[in-house]
Amino acid sequence: MFQFPFYWYSCPPLLKKWFDDVLTFGWVYGPGGENLLGKEFMLAITTGGTEASYRSGGDNSYTISEFLRPIEKTLTRCNGILLPAFVAYGVKRASAAELAETAAKYMEFIRSPRSVLVH
């Protein structure tokens, strides 16, 4: 599980550094690079923007799935399996009740069997 705030259309710099330092040739890809083979990964991200802003034609011009493609490709290049992402939109302006509802949805999501998440 990679859980992080989504800002400037990417992951935080420390997570990118972790990718660079850990996901190395010979360990997760290339000859002998089978340490993540078949491992499942999930992204859980928060955005300041609304769900509508992450749509084709929205303020950000692209969907959240399009923005997450580099991370998806990184993990699949390393022989991992990327499960669907959980995205909490608009957390910057969310009320305490809305955040509690999102937290409950998050817990339900991560407890879901793989067969429910992957169609």
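As the structure is a prediction and not an experimental result, all values here were calculated from the model.
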Using atom types as modelled and distance alone, determine if a side-chain donor or acceptor of Ser112 lies under 3.5 Å from a backbone N or O of Glu108. yes

Is it possible for you to say whether Tyr54 and Leu43 belong to one hydrophobic cluster, with membership spreading through side-chain heavy-atom contacts below 4.5 Å?
yes

side-chain contact (heavy atoms from CB on, under 4.5 Å) between Tyr29 and Leu23, intermediate numbers included: CA-CA 8 Å; Tyr29 69 97; Leu23 306 180; 5.7 Å; no

Exercise for review: Would you please classify the geometry between the Phe6 ring and the Phe4 ring as parallel, tilted or perpendicular, with 30° and 60° separating the classes?
Suggested key: tilted

* Do we see a donor-acceptor contact under 3.5 Å between the side chains of Asn60 and Tyr9? -> yes

### Task
Assess whether side-chain contact (heavy atoms from CB on, under 4.5 Å) is satisfied between Ile45 and Leu68, documenting all intermediate values.
CA-CA 10 Å; Ile45 63 173; Leu68 294 176; 4.1 Å; yes

Can you see whether Gln3 engages Tyr106 through a side-chain donor-acceptor pair at a distance of less than 3.5 angstrom? yes

Sequence neighbours excluded, the answer for salt bridge (Lys or Arg N to Asp or Glu O under 4.0 Å) partners of Lys39 is none

In terms of heavy-atom contacts, Glu98 and Arg93 come closest through OE1-O, 4.2 Å

Looking only at heavy atoms, the pair that brings Cys11 and Leu15 closest together is CB-CD2, 3.7 Å

Q) Out of curiosity, does Leu83 fall in the hydrophobic cluster containing Ile64 (side-chain heavy atoms, cut-off under 4.5 Å, transitive links)? A) no

So salt bridge (Lys or Arg N to Asp or Glu O under 4.0 Å) across residues 69-82, not counting sequence neighbours, yields none

Notebook entry, point to check: Is the backbone of Gly38 close enough, under 3.5 Å, to the side chain of Asn79 for a donor and an acceptor to pair up by distance?
Noted result: no

Just so I know, are the side chains of Phe86 and Lys105 near enough to count as touching, which here means a heavy-atom distance under 4.5 Å? yes

Sorted by chain and residue number, the salt bridge (Lys or Arg N to Asp or Glu O under 4.0 Å) partners of Lys16 (sequence neighbours excluded) come out as Asp20

Practice prompt. Could you tell me whether the side chain of Ser10 reaches within less than 4.5 Å of the side chain of Phe67, counting heavy atoms only?
Written response: no

Residues Phe41 and Gly80: closest non-hydrogen pair is CE1-CA, 4.0 Å

Tracing side-chain contacts under 4.5 Å among Ile, Leu, Val, Met, Phe, Trp and Tyr outward from Leu99 reaches Val91

Minimal heavy-atom distance between Gly30 and Phe25, with the atoms involved, is CA-CE1, 3.6 Å

Contacts of Ser56 meeting side-chain contact (heavy atoms from CB on, under 4.5 Å) (sequence neighbours excluded), chain-then-number -> none

- Is it true that a side-chain atom of Asn35 and a backbone atom of Val28 form a donor plus acceptor pair closer than 3.5 Å? no

Between Glu66 and Thr63, the two heavy atoms sitting closest are OE1-N, 2.8 Å

Verify same cluster id: Val22, Leu36 (apolar side-chain graph, 4.5 Å)
yes

Query raised in the report: Do the side chains of Tyr7 and Pro12 get nearer than 4.5 Å, heavy atoms only?
Result: yes

Query raised in the report: Is Tyr62 linked to Ile71 within one hydrophobic cluster, defined over Ile, Leu, Val, Met, Phe, Trp and Tyr using a side-chain heavy-atom separation of less than 4.5 Å?
Result: yes

Those residues at least two apart in sequence (or on a different chain) that pass ring pair (Phe, Tyr, Trp, His ring centres under 6.0 Å) with Phe19 are Phe2

